[in-house]
Amino acid sequence: MDNELVERARWGDLKGQNWAGLVRLSFETDEGPATTGNDATENTVAKPAFRPMTGRDIKSRDEQEKDNRSFVESRGGRYVYTYEEPDTSAWKRKRVRLPNGEIGYRVVRPVFEGALEDLKRGLAPNGERLDGLIVYDIDRLTRDNRHLEDAIEVVQNFGRPIIDITGSLDLLTDNGRTVARIVTATNNKQSADTARRVTRKHRALQQAGIPTGGTRPFGWQEDKRTLDPHEGEWRRQIILWVLAGKPISAMIHELKTANVSTASGAEWSREAIKAIVRSPRNCGYRARQVIDIDPVTGMQNTRVEIVLDDEGKPVKGLWEPLCSVEEWEAATEILGSNPAPGSGHNTRKYLLRGTLRCDRDGCSTPLRVMKAPKSRNKSEGYFYYVCPSSGSVPAGCGGTKIAGPETDKAVSMMLIAKHQEEAAKRKSASEPVTWDKAEQLERVREDIDDLKSARRARTITAETYFAELAGYEAEKRGLVAERNKIQRQEAAAKSSPVDLALEWDGLVLSEKRGYIEDMLLAVLVSRAVGRGRPVRDRLTPVWRPKGEQAQESSL
């Protein structure tokens with residue numbers, strides 16, 4: 001019966017057979033405007049546009065299904081099911097983990113693969129018997145030779161026919177299968193050629209500093225070139241806040257109070273603030289996103305790099321910058337290139353959950369929250385922070401317990417006092433200082449450029465190049481760090497520090513937790529000794545180191 005199905009399909013006799021159709025709308029790479037990410041991830045690279053080819057070389061979903069059904073029924077068969085693949089590329093490969101655990105790249109088409117499995121079993125998803133699969137043409141079936149071989153396996157080894165309407169696909173004969181392999185390889189090359197042209201086109205746009213599609217960046221108008229007077233001032237203010245050491249939680253509170261939203265109209269998040277500050281667009285540099293694959297772990301790492309011209313110099317974008325290169329470098333240095341701990345963005349309902357730790361020798365377990373039992377006659381919602389027992393996960397000593405509201409208040413007062421102290425220090429240290437090494441830094445940069453030119457011209461050896469480059473780069477880092485320090489002092493002198501004592505009671509829980517996680521590594525809680533001992537005496541704060549705190553406080 002199985003061989004008979006293939007033989008009858010070869011001669012167009014489908015009487016008494018049940019057939020399903022595969023309908024795919026191609027979203028192959030098309031030469032259109034490139035796109036970028038949204039405002040929260042505005043440093044993402046512009047991606048090739050993927051748009052349906054419908055109307056030019058393939059039919060729409062309904063047209064494909066109608067033609068498939070008419071073809072089957074005109075030859076005496078029954079059309080029983082349609083497999084739909086919307087927005088699916090039959091060429092573009094994605095990074096996947098293979099069954100053996102290794103990383104590979106494959107065309108991902110779960111609907112297509114499911115259709116082949118159903119065909120092997122002879123049963124459609126709706127419970128109908130399934131004898132064959134029909135597509136509009138070979139291009140709708142696949143553009144990947146690996147998938148083509150899977151389809152050929154179903155025909156040859158399972159005796160289930162796969163045919164098309166246009167006659168470009170013949171998997172029922174040896175000669176037809178050979179031609180199908182050639183046609184699929186040709187179609188694959190056409191897709192690769194189109195993708196290469198789009199990539200080349202986008203690189204040309206990058207080199208020209210032209211902003212491309214995507215959501216309008218916060219701070220600029222719809223043309224992505226002209227500064228928006230209102231948003232531009234707020235974006236610059238965010239950079240100045242970072243330079244002044246203002247925590248991101250406080251920035252979000254300020255923006256929310258002023259009713260300022262992102263370019264997409266959403267509320268601000270810590271990730272959005274970081275993306276805004278780190279963006280090279282601030283100082284006018286054109287940037288792109290680069291994806292690296294760790295050869296050992298197979299993990300995908302994303303980083304942003306500045307586009308360089310043929311001389312190795314940063315490409316200037318065709319838009320109005322809102323700060324100097326030096327200010328952007330200083331702000332980026334404070335934030336760092338990677339996310340840091342202490343986000344303060346979680347769903348915890350208690351101020352110090354995750355911050356308090358048991359101070360008993362050998363314990364150090366994070367304290368949990370326990371609501372006060374009714375027998376204690378406490379007010380509604382009263383709670384304690386307690387060290388979990390040895391049978392819990394994680395296991396603690398079970399011997400430390402402290403009143404929750406009183407502890408929250410004591411730690412808050414400690415935090416406010418510490419914040420005011422640090423703010424006063426920053427203010428006193430922010431006296432105007434003149435930095436007179438700008439020419440020296442420029443000379444070092446010129447020496448680095450000359451060294452690179454000499455290496456490109458092969459007038460010096462690689463050993464000489466890297467040896468001298470290391471010295472120049474070290475000198476450059478030292479000068480840039482010195483300049484950034486002075487810029488931060490100047491920014492701190494111009495800005496007004498947050499009066500945490502005045503604002504604390506008005507902050508929401510997540511904002512308070514942001515300050516706590518920015519400034520504290522932990523708070524150790526000792527066991528109670530005797531009655532009447534103040535809660536404050538049982539608490540030992542572990543502050544973040546100054547260097548780390550300067551960076552974390554901006555996060």
Side-chain angles (χ1 to χ4, degrees), residues 1-10 14 16-28 58 61 64-65 67-69 71-73 75 77-165 168-174 176-177 180-181 183-185 187-188:
M1 177 62 183
D2 288 342
N3 292 332
E4 181 186 350
L5 289 174
V6 174
E7 191 65 24
R8 289 176 56 189
R10 180 182 176 186
L14 309 183
Q17 299 176 20
N18 288 355
W19 284 72
L22 176 65
V23 174
R24 182 175 66 84
L25 286 185
S26 175
F27 274 64
E28 304 294 355
I58 69 168
R61 179 254 183 237
Q64 291 181 62
E65 182 184 46
D67 289 345
N68 289 341
R69 183 184 299 275
F71 187 93
V72 170
E73 293 177 349
R75 286 157 178 77
R78 289 181 64 233
Y79 189 87
V80 298
Y81 190 77
T82 297
Y83 292 93
E84 297 185 30
E85 287 189 298
D87 305 357
T88 302
S89 169
W91 168 81
K92 185 176 177 60
R93 297 185 178 186
K94 298 180 180 179
R95 179 173 167 271
V96 298
R97 187 169 293 278
L98 303 177
N100 62 1
E102 297 181 354
I103 298 297
Y105 287 83
R106 297 288 187 271
V107 176
V108 179
R109 294 178 62 192
V111 174
F112 167 81
E113 294 166 0
L116 295 188
E117 291 299 321
D118 291 345
L119 197 55
K120 291 177 184 178
R121 294 193 301 267
L123 188 66
N126 61 1
E128 292 273 7
R129 189 186 79 251
L130 184 60
D131 298 316
L133 183 70
I134 184 171
V135 295
Y136 184 75
D137 61 19
I138 188 173
D139 199 47
R140 296 306 90 208
L141 182 69
T142 183
R143 285 188 172 218
D144 178 64
N145 282 90
R146 183 180 282 110
H147 277 168
L148 176 64
E149 293 301 326
D150 291 339
I152 291 175
E153 178 189 24
V154 173
V155 176
Q156 280 190 305
N157 298 342
F158 291 85
R160 303 291 182 178
I162 299 176
I163 63 175
D164 75 328
I165 296 175
S168 61
L169 173 67
D170 176 15
L171 303 184
L172 309 182
T173 65
D174 289 337
R177 287 187 282 269
R181 291 182 176 106
V183 173
T184 300
N187 290 342
N188 187 286

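Quick note: residue numbers are just sequence positions, from 1.
A pairwise comparison of heavy atoms in Asn68 and Tyr136 identifies OD1-N, 3.9 Å as the closest pair. Minimum interatomic distance between Thr142 and Asp144 (heavy atoms only, all atoms of both residues): OG1-N, 2.8 Å. Arg181 approaches Glu149 most closely through the heavy-atom pair NE-OE2, 2.6 Å. The minimum heavy-atom distance between Trp19 and Gly132, with the atom names listed, is CE3-C, 3.3 Å. Of all non-hydrogen atoms in Leu171 and Ala151, the two that sit nearest each other are CD1-CB, 4.1 Å. Nearest approach of Glu65 to Tyr79, heavy atoms of both residues: CG-OH, 3.9 Å.
We find the CZ-CD distance between Arg140 and Gln64 to be 6.0 Å, quoted to the nearest 0.5 Å. With rounding to the nearest 0.5 Å, the separation of CG in Leu5 from CG in Leu172 is 11.0 Å. Going from atom CZ of Arg78 over to atom CG of Leu14 covers 13.0 Å, rounded to the nearest 0.5 Å.
Between Arg146 and Asp150 there is no salt bridge, since no side-chain N of the basic residue sits under 4.0 Å from a carboxylate O of the acidic one. Under the 4.0 Å criterion applied to side-chain N and carboxylate O atoms, Asp170 and Arg177 are not assigned as salt-bridge partners. Under 4.0 Å is where a charged nitrogen must lie from a carboxylate oxygen, and between Arg109 and Glu113 no such pair does.
Using a 4.5 Å cut-off on side-chain heavy atoms (C-beta onward), Ile163 and Ile134 make contact. Contact of the Leu133 side chain with the Val154 side chain is not registered, since no non-hydrogen atoms from C-beta on lie closer than 4.5 Å. You'll find the side chain of Glu128 stays beyond 4.5 Å of the side chain of Tyr81, heavy atoms only. You'll find the side chain of Glu84 stays beyond 4.5 Å of the side chain of Val111, heavy atoms only. In this structure the side chain of Thr82 reaches within 4.5 angstrom of the side chain of Arg61, judged on heavy atoms. By the 4.5 Å heavy-atom criterion applied to side chains, Thr173 and Arg10 are counted as neighbours.
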- request: Could you go through the side chain to side chain donor-acceptor pair (under 3.5 Å) check for Tyr83 and Asp118 one step at a time?
  value: CA-CA 11 Å; Tyr83 292 93; Asp118 291 345; 2.7 Å; yes
- prompt: Given the rule in the side-chain contact (heavy atoms from CB on, under 4.5 Å) test, do Asp164 and Leu141 qualify, once you have shown the distances and angles that lead to the verdict?
  reply: CA-CA 9 Å; Asp164 75 328; Leu141 182 69; over 6 Å; no
Check against side-chain contact (heavy atoms from CB on, under 4.5 Å), Arg160 and Val155: CA-CA 5 Å; Arg160 303 291 182 178; Val155 176; over 6 Å; no
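Arg143 places a side-chain N or O within 3.5 Å of a backbone atom of Asn187 that can act as its donor or acceptor partner. When atom types are taken as modelled, the side chain of Asp131 and the backbone of Asn18 share a donor-acceptor pair closer than 3.5 angstrom. Within the 3.5 Å criterion, the main-chain N or O of Asp137 finds no donor-acceptor partner in the side chain of Ser168.
Here Glu117 pairs with Lys120 under the side chain to side chain donor-acceptor pair (under 3.5 Å) rule; sequence neighbours left out.
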